[in-house]
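Reading through the structure tokens given below for one structure.
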Amino acid sequence: MRRLKSSLLLVVLAGLSLAQNPAERQGVDVARVGVRLACLCGACNATLANCPMLECHSGKPGKEKIFRMQQAGISDQAIIDDFVKEFGSGILRAAPSVYGRLIPYLALIPGLGLVLWFIRRYYRPRLAPASPDPSLARYQTQIEKDLSQLD
């Protein structure tokens with residue numbers, strides 16, 4: 001019975017993984033071209049590779065077209081040129097520069113500095129005062145006197 005359940009689970013998971021169309025299983029190749037082309041749905045300001053809308057009327061067909069063209073052996077630049085010819089030059093997005101790729105990592109530096117400052121500020125061990133308070137000395141002698149009477 002246990003073997004039957006695990007086999008059934010394996011079949012269901014395999015079916016679910018195959019239930020995607022080629023655009024949803026786009027992979028690195030489609031994303032490499034899609035990041036250079038704008039999504040034309042008008043609701044987002046994303047590229048074809050990362051349009052956040054489900055069932056986008058522009059992103060999904062665009063990814064499928066890129067996938068089909070790549071399967072036919074067409075180069076990335078030829079695919080981009082075909083999209084520009086069909087939709088105009090407004091579809092082009094600039095490739096991320098080195099500066100654009102470094103900004104997220106450079107933003108971590110002030111954040112880590114803030115975290116370290118917070119840890120050092122609030123988790124610093126508190127030091128006892130160097131000289132005891134004279135008013136506490138009176139209580140200390142009273143405590144010692146009371147403790148000696150307990151024995």
Can you tell me how far apart OG (Ser58) and CG (Leu48) are? Round to the nearest 0.5 Å.
5.5 Å
Give the intermediate values and the outcome of side chain to side chain contact (heavy atoms under 4.5 Å, CB included) for residues Phe67 and Gln71.
CA-CA 6 Å; Phe67 183 77; Gln71 293 300 315; 3.5 Å; yes
At what distance, to the nearest 0.5 angstrom, does CD1 of Ile119 lie from CG of Leu114?
10.0 Å
Can you name the residues that form a side chain to side chain donor-acceptor pair (under 3.5 Å) with Thr47, not counting sequence neighbours?
Asn50
Leu112: hydrophobic cluster co-members (side-chain, 4.5 Å)
none
Taking C-beta and beyond as the side chain, do Cys44 and Pro52 meet within less than 4.5 Å on heavy atoms?
yes
Between atom CZ of Arg101 and atom CD1 of Ile103, what is the distance when rounded to the nearest 0.5 Å?
13.5 Å
Sequence neighbours left out, what passes side-chain contact (heavy atoms from CB on, under 4.5 Å) with Tyr139? Give chain and number order.
Leu136
Spatial distance of atom OG (Ser148) from atom CD1 (Ile143) [nearest 0.5 Å]:
12.0 Å
Within the structure provided, determine whether Val30 and Gln70 are in side-chain contact (heavy-atom separation under 4.5 Å).
yes
Going from NZ on Lys60 to SG on Cys51, what distance comes out if it is rounded to the nearest 0.5 angstrom?
12.0 Å
Taking all non-hydrogen atoms of both residues into account, name the closest pair between Cys56 and Gly59 and its distance.
SG-N, 3.2 Å
Residues Val35 and Ala49: closest non-hydrogen pair is N-CB, 3.6 Å
Using residues 75-83 as the side-chain source, report each donor-acceptor pair under 3.5 Å to any protein atom, sequence neighbours left out, with the distance given to one decimal.
| unit_1 | atom_1 | unit_2 | atom_2 | d |
| --- | --- | --- | --- | --- |
| Ser75 | OG | Ala78 | N | 3.3 |
| Asp76 | OD1 | Arg32 | NH2 | 3.3 |
| Asp76 | OD2 | Arg32 | NE | 2.6 |
| Asp76 | OD2 | Arg32 | NH2 | 3.0 |
| Gln77 | NE2 | Asp81 | OD1 | 3.0 |
| Asp82 | OD2 | Lys65 | NZ | 2.9 |

Do the side chains of Ile66 and Met53 join up, straight or via other hydrophobic residues, at under 4.5 Å, putting them in one cluster?
no
Gap separating the CD atom of Gln142 from the CG atom of Leu147, nearest 0.5 angstrom:
10.0 Å
Report the residues that fulfil side-chain contact (heavy atoms from CB on, under 4.5 Å) with Tyr122, sequence neighbours left out, ordered by chain and then residue number.
Phe118
Connected via hydrophobic side-chain network under 4.5 Å: Tyr123 and Trp117
yes
Checking Pro104 now: which residues fulfil side-chain contact (heavy atoms from CB on, under 4.5 Å) with it, not counting sequence neighbours?
none
Which heavy atom of His57 sits nearest a heavy atom of Leu40, and at what distance?
NE2-O, 4.3 Å
